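Just so you know, these numbers come straight off a predicted model, no measurement behind them. Whatever order the structure lists them in is the order used to number ligands and atoms, beginning at 1.
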Amino acid sequence: MRRPLVAGNWKMNGTRASVAELIEALGQQEFPESVEMVVFPSCVHVGQVVSGLADSAIAVGAQDCAAEPGFAALTGEVSASQLVDVGCGWVLVGHSERRLILGESDEMTGRKFKAALACDMTPVLCLGETLEQRQAGQTLEVVGRQLASVLAIAGIGSFEKAVVAYEPVWAIGSGLTATPQQAQEIHAAIREQLSHEDKRIADGVRILYGGSVKAENAAELFAMADIDGGLIGGASLKANEFGAICRAAGN
Ligand code: PGA
């Protein structure tokens, strides 16, 4: 049985004051015990969120880490070991905003994924196709290639402690959600690709769906066989919505 996971990607949002309000509001929510939860604040707020959520069931992650796991001359980057030192156990890698806006390659994503695991963090590997790629019928090929490059760098064994998130780029922040059937098809293909290397690991890995998930559409997505939870952007900035999505994952 895969434990449902709901992750909140706060992206480049928030001030110390608004983050304090969000922590406070999350504290008022009822969360199901069966669901694992993690939020990914901006790097500058990680310490504040780690302290603020210390008594809650919600873990804290970072939105990115350096490809070098330890100390290095790498101006502006934050390493996985530094994140662990401030109480952060999770990290997003390969989010499409980093791949497409910041030019992060498949290879760089694979190195970051490996660096996170080397520091005992849980990486959430984000995969997804653009609208043009979907319209050209290339979805499975694109997602398959993104996954294969991480497998080549980090190996199948690394998926024992990793999470995958399928996030079609056209569904992110657009209000357009993949239908449960569209998402399920890709989730099943991701699991199938992993099972070619190791069926037991493939059966255990959690695959989240991300892209305009809200309280309103969460339950039907989470009902699909290979969808094990969600990676939530916009809706995770509202405690009520995040709480409702977590409760949908628990049902
Ligand atoms: P969204 O973002 O829920 O606002 O579409 C999801 C993500 O980018 O992780």
Side-chain angles (χ1 to χ4, degrees), residues 4-14 18-19 22 26 29 35-43 45-46 49 58-65 88 90-104 109 112-113 116 121-131 133-134 139 142-143 146-147 150 162-180 182-183 186-187 190 206-222 224 227-249:
L5 170 66
V6 177
N9 175 9
W10 295 358
K11 308 197 181 189
M12 198 171 69
N13 290 295
S18 71
V19 165
L22 184 49
L26 286 170
Q29 289 293 311
V35 177
E36 189 169 16
M37 296 163 297
V38 53
V39 291
F40 295 85
S42 159
C43 181
H45 297 130
V46 162
V49 181
I58 307 174
V60 184
Q63 296 171 14
D64 183 39
C65 69
C88 188
W90 294 71
V91 63
L92 300 179
V93 287
H95 191 279
S96 60
E97 286 151 16
R98 300 203 62 84
R99 292 178 189 264
L100 299 169
I101 304 172
L102 299 165
E104 211 162 276
T109 298
K112 291 182 171 191
F113 181 90
M121 297 184 88
T122 303
V124 178
L125 171 65
C126 305
L127 312 170
E129 82 288 1
T130 63
L131 184 59
Q133 290 165 334
R134 174 160 283 263
T139 301
V142 169
V143 171
Q146 290 170 340
L147 180 59
V150 173
V163 171
V164 177
Y166 168 59
E167 298 201 302
V169 177
W170 48 272
I172 294 179
S174 63
L176 288 176
T177 322
T179 64
Q182 278 174 325
I186 311 306
H187 282 234
I190 291 169
R206 287 176 293 181
I207 308 177
L208 311 182
Y209 169 78
S212 298
V213 178
K214 339 182 230 300
E216 196 185 298
N217 59 21
E220 54 174 12
L221 286 158
F222 299 163
M224 305 309 285
I227 301 184
D228 305 310
L231 177 55
I232 324 298
S236 72
L237 295 168
K238 295 179 210 123
N240 287 343
E241 278 277 314
F242 188 70
I245 293 167
C246 292
R247 290 187 290 277

Between [X] and [Y] (side chain of the first, backbone of the second, donor and acceptor by atom type, cut-off under 3.5 Å), is there such a pair?
X: D64; Y: C43; answer: no
X: E241; Y: A215; answer: yes
X: D228; Y: I207; answer: yes
X: T179; Y: Q182; answer: yes
X: R99; Y: G94; answer: yes

| Run the side-chain contact (heavy atoms from CB on, under 4.5 Å) check on T130 and V142 step by step: do they pass? | CA-CA 9 Å; T130 63; V142 169; over 6 Å; no
Short N or O distance, [X] and ligand 1, threshold 3.5 Å exclusive:
X: S174; answer: no
X: G234; answer: yes
X: G173; answer: yes
X: A235; answer: no

| Is ligand 1 less than 4.0 angstrom away from at least one heavy atom of S212? | yes
| query | Does ligand 1 have any atom sitting under 4.0 Å from a heavy atom of S236? | reply | no
| query | In the protein, which heavy atom is nearest to atom 9 (O) of ligand 1, and how far is it? | reply | E167 OE2, 2.6 Å
| request: Distance to 0.1 Å, residue and atom name: give those for the protein heavy atom nearest to atom 3 (O) of ligand 1. | output: G233 N, 2.8 Å
| field | Test item: side-chain donor near acceptor, Q63 and R98, under 3.5 Å | value | no
Under 4.0 Å to a heavy atom of [X] - the qualifying atoms of ligand 1, by number:
X: A171; value: 5 (O)
X: H95; value: 7 (C), 8 (O), 9 (O)
X: K11; value: 2 (O), 7 (C), 8 (O)
X: G211; value: 5 (O)

| task | Answer side chain, backbone, both or neither: which part of I172 comes under 4.0 Å from ligand 1, heavy atoms only. | result | both
| request: Could you give me the CA-CA distance, side-chain angles and deciding distance for E129 and Y166, then say whether side-chain contact (heavy atoms from CB on, under 4.5 Å) is met? | output: CA-CA 9 Å; E129 82 288 1; Y166 168 59; 2.9 Å; yes
| Full working for side-chain contact (heavy atoms from CB on, under 4.5 Å) between F222 and V35 | CA-CA 12 Å; F222 299 163; V35 177; over 6 Å; no
